[in-house]
Protein chains: 2
Amino acid sequence: MNLSNTSQYAIRILAYMADKQDSTLINATMLADALIIPYKFLTKIMTELVKANLVVSIRGRDGGYQLKKVASEIKVDDILYIFNDNISDKQCLLGIGVCNKLCKCSMHDQWMKPKLQLQKMFQESSLADIAGEGSKI
Amino acid sequence: MNLSNTSQYAIRILAYMADKQDSTLINATMLADALIIPYKFLTKIMTELVKANLVVSIRGRDGGYQLKKVASEIKVDDILYIFNDNISDKQCLLGIGVCNKLCKCSMHDQWMKPKLQLQKMFQESSLADIAGEGSKI
DNA sequence: AGTAATTACTACTTAAAGGTAGTATTAATT
DNA sequence: AATTAATACTACCTTTAAGTAGTAATTACT
């Protein structure tokens, strides 16, 4: 039970960008070096973040990336959603199609409480909440 | 954020076996048919469960499988552990090595509470707790 | 002893995630 | 206009998870 590599990278990238809001643009080389993420893989992720409207890109010389919204408006859940890594309501912990009150998998009841808490955490945590504070990047 | 196919299958298999405790042995064909899991993949998983000491196998004609312990003694966390799918304490949500109070990733604090609740749920839920009750199998 | 029914083992194939390489496009600077 | 530095695109390669196939080993029954 864990996040995909891609989601982990994306969260770290965006949290780093939120932390460096002062400098208008950050380019892929800077991000890849700072976060120790393979450059080519990072640019692939950046393009997805641009398409998902979380990031704006400026092409050409002196180009780079910046957040499209203020940090407090970008939630971790928004990031996970892009990479299909969020916790959906219907999704069954045991993978038996759709799970709900009427048609439960055997772990439905036990899963309910931690699931809601996880969802809440992802939905309420913004980049502003997680950026900075001298944490690992 | 989800369990691997293999873990999902394993939980379903063991919950089903716990539910059918009356019939001493259950063979791979019965399990594969009942749970709609590919037969060959299921036997592979069963062999791992035997090696992990959760299941006993009887080889040869009229052979099959049965739980090695009583259902209440087998926790979901024990199953996830086998397939490296449990939630370890050290494991960092963002994949930046080891995460702890002294050396935190940016989501460490937010992750702590849901993580503990998830761990607790997996560690406290036994096959006896999740088997039966007319749930999907 | 032979047959049938079962698990165990070994090896392979397929699909998805993770990662890399090269080229096209864009735009500022000279 | 040419050069340079950046993102975007397309295609490929590598690794891991998921699934399949065939055979060996084991054991009850006849």
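These numbers come from a predicted model, not from an experiment. Residue numbers start from 1 in every chain, and the chains themselves are labelled A, B, ... in the order their sequence lines are given, proteins ahead of strands.
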A.B. asks: Atom NZ of B:Lys51 to atom C1' of C:dA8: distance rounded to whole Å?
C.D. replies: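 Going from NZ in B:Lys51 over to C1' in C:dA8 covers 8 Å.
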A.B. asks: Could you work out which one of C:dG19, D:dA18, D:dT7 sits closest to the side chain of A:Ala28?
C.D. replies: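 So the side chain of A:Ala28 is nearest to D:dT7.
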A.B. asks: If you check every side-chain atom of A:Lys44, which of C:dA8, C:dT20, C:dA28 has the closest atom?
C.D. replies: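 In terms of side-chain proximity for A:Lys44, the closest of C:dA8, C:dT20, C:dA28 is C:dT20.
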A.B. asks: Could you grab the distance from atom OG of B:Ser125 to atom CD1 of B:Ile74, nearest 0.5 Å is fine?
C.D. replies: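 Interatomic distance, B:Ser125 OG to B:Ile74 CD1, rounded to 0.5 Å: 13.5 Å.
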A.B. asks: Round to the nearest Å and state the distance from A:Leu25 atom CG to C:dA27 atom P.
C.D. replies: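 After rounding, the gap between these two atoms is 13 Å.
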A.B. asks: Between atom CG in B:Asn27 and atom P in C:dA4, what is the gap in whole Å?
C.D. replies: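 Going from CG in B:Asn27 over to P in C:dA4 covers 18 Å.
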A.B. asks: Closest to the B:Phe41 side chain: D:dA8, D:dG19, D:dA25?
C.D. replies: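 Nearest to the side-chain atoms of B:Phe41, counting from C-beta on, is D:dG19.
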A.B. asks: More 5' along DNA chain C: A:Asp62 or B:Thr47, using each one's nearest nucleotide?
C.D. replies: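 Nearer the 5' end of the strand: B:Thr47.
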A.B. asks: Identify whether any heavy atom of B:Thr29 sits under 4.0 Å from a base atom; if not, whether one sits that close to sugar-phosphate; answer base, sugar-phosphate or nothing.
C.D. replies: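 Answer is nothing: B:Thr29 stays at 4.0 Å or more from every strand.
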A.B. asks: Check every strand shown and say whether B:Tyr39 touches a base, only sugar-phosphate, or nothing at a heavy-atom separation below 4.0 Å.
C.D. replies: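 B:Tyr39: base contact, heavy atoms under 4.0 Å.
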A.B. asks: Can you measure from CG (B:Asn84) to CG (B:Asn86) and round to the nearest 0.5 angstrom?
C.D. replies: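 Here the interatomic distance stands at 7.0 Å.
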A.B. asks: Which of the following nucleotides, D:dG19, C:dG22, C:dA4, is nearest to the side chain of A:Lys40?
C.D. replies: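 The closest nucleotide is C:dG22.
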A.B. asks: With B:Leu54, which of B:Lys69, B:Glu73, B:Lys68 fulfils side-chain contact (heavy atoms from CB on, under 4.5 Å)?
C.D. replies: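 The residue from B:Lys69, B:Glu73, B:Lys68 that satisfies side-chain contact (heavy atoms from CB on, under 4.5 Å) with B:Leu54 turns out to be B:Lys69.
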A.B. asks: Side chain of B:Tyr65 only, please: which of C:dA4, D:dT20, C:dT7 is the nearest?
C.D. replies: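 Selected nucleotide: C:dT7.
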A.B. asks: Hey, does B:Thr43 reach any base, or is it just sugar-phosphate, or nothing, if we go heavy atoms under 4.0 Å?
C.D. replies: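 Contact class for B:Thr43: none.
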A.B. asks: Can you figure out which of C:dT3, C:dT26, C:dT20 approaches the side chain of A:Pro38 most closely?
C.D. replies: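 So the side chain of A:Pro38 is nearest to C:dT20.
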A.B. asks: Categorize B:Phe83 for me: base, sugar-phosphate, or nothing, with a 4.0 angstrom heavy-atom threshold over every strand shown.
C.D. replies: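 Nothing: the residue B:Phe83, judged by heavy atoms under 4.0 Å, touches no strand.
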A.B. asks: Which nucleotide wins on minimum distance to the side chain of B:Ser57, given the candidates C:dA8, C:dT6, C:dG19?
C.D. replies: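 Side chain of B:Ser57 sits closest to C:dA8.
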A.B. asks: May I have the distance from A:Arg59 (atom CZ) to D:dC9 (atom C1'), rounded to whole angstrom?
C.D. replies: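 The answer, rounded to whole Å, is 9 Å.
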A.B. asks: Rounded to whole angstrom units, what separation is found between the CG atom of A:Asp85 and the P atom of C:dA16?
C.D. replies: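 Checked: the CG to P distance equals 16 Å.
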A.B. asks: Using atom CE of A:Met17 as one end and atom P of D:dT7 as the other, report the distance to the nearest whole Å.
C.D. replies: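 My rounded result for the distance is 10 Å.
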A.B. asks: Counting side-chain heavy atoms from C-beta on, which of C:dG18, D:dA8, D:dA5 comes nearest to A:Ser4?
C.D. replies: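 Of C:dG18, D:dA8, D:dA5, C:dG18 is nearest to the side chain of A:Ser4.
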A.B. asks: Can you tell me how far P of C:dT7 sits from CD1 of B:Ile26, to the nearest Å?
C.D. replies: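 Distance check: B:Ile26 CD1 to C:dT7 P gives 11 Å.
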A.B. asks: Whole-Å distance between D:dG19 P and B:Met46 CE?
C.D. replies: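 Result: 16 Å.
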A.B. asks: Heavy atoms from C-beta onward define the side chain here; which of D:dA18, C:dA8, C:dG19 lies closest to that of A:Asn5?
C.D. replies: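 Nearest to the side-chain atoms of A:Asn5, counting from C-beta on, is C:dG19.
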A.B. asks: Is the side chain of B:Gln8 donor-acceptor paired with the backbone N or O of A:Leu93 at a distance under 3.5 Å, no angle test?
C.D. replies: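 Answer holds: yes.
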A.B. asks: When you measure from the side chain of A:Thr43 to the backbone of A:Lys40, do you find a donor-acceptor pair of N or O atoms at a distance under 3.5 Å?
C.D. replies: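 Present.
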A.B. asks: Taking a hydrophobic cluster as the set of Ile, Leu, Val, Met, Phe, Trp and Tyr residues connected by side-chain heavy atoms closer than 4.5 Å, whether directly or through intermediates, do B:Met1 and A:Met107 fall within one such cluster?
C.D. replies: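 B:Met1 and A:Met107: one cluster.
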